[in-house]
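Notes for the one structure printed next.
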Amino acid sequence: MKTFICQSCNKHLEINNRVYEKAYKGFEDCLDCRASHGGKRDGAGRPSLGTTKKVSITLPDEVWERIDDSKKEQSMSAFLRELIMENFE
């Protein structure tokens with residue numbers, strides 16, 4: 001067993017060697033004090049395609065069926081974006 005002492009909260013943890021090697025070796029803070037993944041960082045996330053605007057479109061059921069048949073595996077937003085962008089390029 002190894003004793004790990006957190007530099008932030010001064011918590012003393014008695015942990016077996018295997019857990020120490022995987023989770024604590026080389027770290028100063030316990031798991032509770034370490035920053036978790038995620039959060040706002042410069043350059044993180046998917047690049048923006050533009051401005052998002054929510055709209056509702058009412059179309060006859062036959063048109064929706066044709067859209068569903070045409071879009072195949074694409075999401076509805078990707079399919080409609082492609083149609084619109086083709087028309088405005």
Side-chain angles (χ1 to χ4, degrees):
M1 294 290 265
K2 292 193 182 244
T3 301
F4 178 84
I5 303 170
C6 177
Q7 300 299 309
S8 294
C9 68
N10 206 31
K11 187 187 309 180
H12 288 62
L13 301 170
E14 294 291 327
I15 46 183
N16 70 39
N17 290 339
R18 188 171 180 191
V19 172
Y20 175 80
E21 292 292 324
K22 291 212 171 249
Y24 292 93
K25 186 177 180 180
F27 290 97
E28 293 183 355
D29 298 333
C30 67
L31 294 176
D32 292 334
C33 293
R34 285 185 219 161
S36 61
H37 58 73
K40 187 172 177 77
R41 299 175 315 280
D42 286 341
R46 210 178 268 170
S48 174
L49 296 175
T51 302
T52 301
K53 294 190 178 191
K54 307 292 183 186
V55 297
S56 292
I57 303 170
T58 303
L59 297 170
D61 289 339
E62 300 81 35
V63 174
W64 286 119
E65 288 170 13
R66 288 178 61 193
I67 290 172
D68 285 336
D69 291 342
S70 297
K71 72 180 186 73
K72 297 182 175 80
E73 298 295 317
Q74 277 184 304
S75 67
M76 185 65 74
S77 60
F79 178 75
L80 293 175
R81 181 184 311 113
E82 195 172 289
L83 280 178
I84 293 167
M85 293 301 289
E86 284 174 7
N87 195 41
F88 285 98
E89 285 183 336

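In plain terms, the two heavy atoms of Ile67 and Met76 that are nearest each other are CG2-SD, 3.6 Å.
Taking 4.5 Å as the limit, every side-chain heavy atom of Lys2 sits out of range of all side-chain heavy atoms of Lys25. Residues Glu62 and Arg66 are not in side-chain contact: their nearest non-hydrogen atoms beyond the backbone lie 4.5 Å or more apart. Between Asp32 and Cys9 the shortest side-chain heavy-atom distance does not fall below 4.5 Å.
One hydrophobic cluster holds both Tyr20 and Leu31 under the rule that ILVMFWY side chains link at heavy-atom gaps under 4.5 Å. Both Val19 and Phe4 belong to a single network of hydrophobic side chains, linked directly or stepwise wherever heavy atoms of I, L, V, M, F, W or Y lie under 4.5 Å apart. In terms of hydrophobic clustering, with Ile, Leu, Val, Met, Phe, Trp and Tyr side chains grouped at heavy-atom distances under 4.5 Å, Leu49 and Leu80 are assigned to different clusters. Leu59 and Leu83 fall within a single hydrophobic cluster, where Ile, Leu, Val, Met, Phe, Trp and Tyr side chains are chained together by heavy-atom contacts under 4.5 Å.
No more than 12 heavy-atom neighbours from other residues, nucleotides or ligands sit within 6.0 angstrom of CE on Met85. Few gaps surround CD on Glu21; more than 12 heavy atoms of other groups in view lie less than 6.0 Å from it.
The side-chain tip of Arg34 points at the ring of Tyr24 from less than 6.0 angstrom away and within 45° of straight on.
Between Ser77 atom OG and Lys71 atom NZ the span is 9.5 Å, to the nearest 0.5 Å. With rounding to the nearest 0.5 angstrom, the CG atom of Asp69 is 13.5 Å from the CH2 atom of Trp64. Taken from OG in Ser75 to CZ in Arg81, the straight-line distance is 6.5 Å, to the nearest 0.5 Å.
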Leu13 and Thr3: CA distance, side-chain angles, deciding distance, side chain to side chain contact (heavy atoms under 4.5 Å, CB included) verdict: CA-CA 5 Å; Leu13 301 170; Thr3 301; over 6 Å; no
